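Let me begin by presenting the structure, written as structure tokens, before commenting on it.
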Amino acid sequence: MDAAHVDNDLVNVLFTEEQILERIGELAQEIETDYDGKELLIVGILRGAVMVMADMARAFTRHVEMDWMAVSSYGSGTKSSGVVRILKDLDTDISGRHVVIVDEIIDTGLTLSWLSSNLSSRNPASVQICTLLRKPEALQMPVDVKYVGWDIPNEFVVGYGLDYRERYRNLRDIGTLAPHVYS
């Protein structure tokens with residue numbers, strides 16, 4: 001779905017599909033360089049990171065293993081509930097493994113801070129975080145993020161995996177959702 005299909009629902013387009021794919025390719029290259037000669041497991045956070053994970057995996061020029069987790073700290077609205085729940089755990093034992101958590105956005109930092117701590121307790125060789133977007137003004141919990149696509153303002157954004165009530169995930173661009181949609 002293109003931004004033109006939901007034009008009245010967006011205030012503006014922050015990043016086009018082309019910009020997103022280019023930045024994901026750059027992040028994949030950084031990760032490949034950092035983990036040269038090491039086995040790597042990338043862990044996508046469902047559902048939002050599906051687009052990022054798919055495009056990132058294709059951008060790698062080497063073998064990379066993937067697994068998925070589903071965690072939630074959001075209700076049906078636009079604000080974090082602050083309570084993190086594991087809805088689907090890893091299928092892979094990460095003991096002794098190099099793990100990069102891949103997410104589409106870090107908002108309050110509550111989910112990724114908790115998740116990083118949880119995975120670190122499972123005795124991996126290392127745990128790092130990669131996110132396409134980060135909202136520094138919204139952070140309530142410090143999160144050590146090694147790979148960041150872009151820092152963005154504290155606005156509600158949709159597209160490229162980001163949703164509002166399960167809509168807009170398949171939007172190819174990332175845009176700011178108009179307040180009239182969620183007010």
Side-chain angles (χ1 to χ4, degrees), residues 9 14 20 24 27 31 40-57 64-171 174-177 179 181-183:
D9 293 353
L14 296 174
I20 295 165
I24 286 174
L27 291 169
I31 293 168
L40 178 62
L41 172 68
I42 57 175
V43 174
I45 307 306
L46 295 170
R47 294 179 216 164
V50 168
M51 310 299 187
V52 179
M53 279 281 285
D55 288 334
M56 180 171 282
V64 63
E65 191 176 338
M66 297 186 290
D67 202 345
W68 299 91
M69 286 187 80
V71 295
S72 177
S73 68
Y74 283 81
S76 60
T78 61
K79 301 290 182 195
S80 174
S81 68
V83 176
V84 179
R85 299 176 310 161
I86 293 179
L87 305 175
K88 183 226 175 281
D89 208 343
L90 294 173
D91 295 324
T92 307
D93 178 6
I94 65 169
S95 180
R97 306 284 307 269
H98 293 283
V99 176
V100 174
I101 301 167
V102 178
D103 208 357
E104 82 283 13
I105 192 166
I106 296 178
D107 199 333
T108 63
L110 295 169
T111 302
L112 267 293
S113 174
W114 181 89
L115 185 58
S116 179
S117 176
N118 179 285
L119 293 184
S120 293
S121 74
R122 301 180 192 194
N123 301 314
S126 66
V127 174
Q128 296 294 341
I129 298 172
C130 174
T131 187
L132 184 60
L133 304 173
R134 176 176 59 185
K135 295 181 183 180
E137 296 168 14
L139 285 175
Q140 296 176 14
M141 177 77 62
V143 182
D144 184 21
V145 183
K146 185 159 186 177
Y147 310 100
V148 178
W150 294 286
D151 284 331
I152 63 169
N154 189 15
E155 298 172 334
F156 196 79
V157 293
V158 293
Y160 202 76
L162 296 152
D163 76 299
Y164 174 66
R165 294 189 175 171
E166 295 304 321
R167 297 186 66 188
Y168 307 98
R169 283 195 198 276
N170 62 323
L171 179 61
I174 295 174
T176 305
L177 191 61
V181 176
Y182 58 87
S183 298

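Just so it is clear, the model here is predicted, and its values are computed rather than measured. Note that the numbering runs from 1 along the sequence shown for the chain.
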Go through Val100 and Leu40 one step at a time and tell me if the side chain to side chain contact (heavy atoms under 4.5 Å, CB included) criterion holds.
CA-CA 8 Å; Val100 174; Leu40 178 62; 3.7 Å; yes
Criterion side chain to side chain contact (heavy atoms under 4.5 Å, CB included) on Tyr182 and Val158, from CA distance to verdict
CA-CA 12 Å; Tyr182 58 87; Val158 293; over 6 Å; no
Determine, step by step, whether Ile31 and Met56 satisfy the side chain to side chain contact (heavy atoms under 4.5 Å, CB included) criterion, reporting the C-alpha distance in whole Å, the side-chain angles of both residues, the deciding distance to 0.1 Å, and the verdict.
CA-CA 10 Å; Ile31 293 168; Met56 180 171 282; 4.0 Å; yes
Criterion side chain to side chain contact (heavy atoms under 4.5 Å, CB included) on Leu133 and Tyr160, from CA distance to verdict:
CA-CA 11 Å; Leu133 304 173; Tyr160 202 76; over 6 Å; no
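Of all non-hydrogen atoms in Pro179 and Ser183, the two that sit nearest each other are O-OG, 2.5 Å. For Glu104 against Ala49, the heavy-atom pair with the smallest separation is OE1-N, 3.5 Å. Across Met66 and Leu41, no two heavy atoms sit closer than the pair C-CD1, 3.9 Å. Ile101 approaches Val127 most closely through the heavy-atom pair CD1-CG1, 3.8 Å. Of all heavy-atom pairs between Tyr168 and Asp9, the closest is OH-OD2, 2.6 Å. Closest approach of Thr131 to Leu27, counting heavy atoms only: O-CD1, 4.4 Å.
Residue Leu46 holds its CG atom at 9.5 Å from CE of Met69, rounded to the nearest 0.5 Å. Note that the CD1 atom of Ile152 and the CD atom of Glu137 stand 10.0 Å from one another [nearest 0.5 Å]. Expressed to the nearest 0.5 Å, how far CG of Asp91 lies from CG of Asp67 amounts to 5.0 Å. Between the CG atom in Asp163 and the CG atom in Leu171 there is a gap of 11.5 Å [rounded to 0.5 Å]. Between atom CD of residue Gln128 and atom OH of residue Tyr147 there is a gap of 6.0 Å, rounded to the nearest 0.5 Å. One finds the CG atom of Asn154 at 10.0 Å from the OG1 atom of Thr108 (value rounded to the nearest 0.5 Å).
Using a 4.5 Å heavy-atom threshold, the side chains of Asp103 and Ile129 count as separate. Using a 4.5 Å heavy-atom threshold, the side chains of Thr92 and Arg97 count as touching. Taking 4.5 Å as the limit, every side-chain heavy atom of Asn118 sits out of range of all side-chain heavy atoms of Val84.
For Arg122, the CZ atom sits in a packed shell: over 12 heavy atoms of surrounding residues, nucleotides or ligands are nearer than 6.0 Å. Annotation for Arg47: atom CZ does not count as buried by contact number, only 12 or fewer foreign heavy atoms lying within 6.0 Å. Residue Asp144 places its CG atom among 12 or fewer non-hydrogen atoms of other residues, nucleotides or ligands, all under 6.0 Å distant.
Under the 3.5 Å distance criterion, the side-chain polar atoms of Ser116 are left unmatched by any main-chain donor or acceptor of Leu112. Under a 3.5 Å cut-off, the side chain of Ser113 and the backbone N or O of Leu110 do not form any donor-acceptor pair. Lys135 places a side-chain N or O within donor-acceptor distance of the main-chain N or O of Glu155, the cut-off being under 3.5 Å.
In this pair, Tyr164 and Phe156 present their aromatic rings perpendicular. The plane angle is above 60°, beyond the 30 to 60° band.
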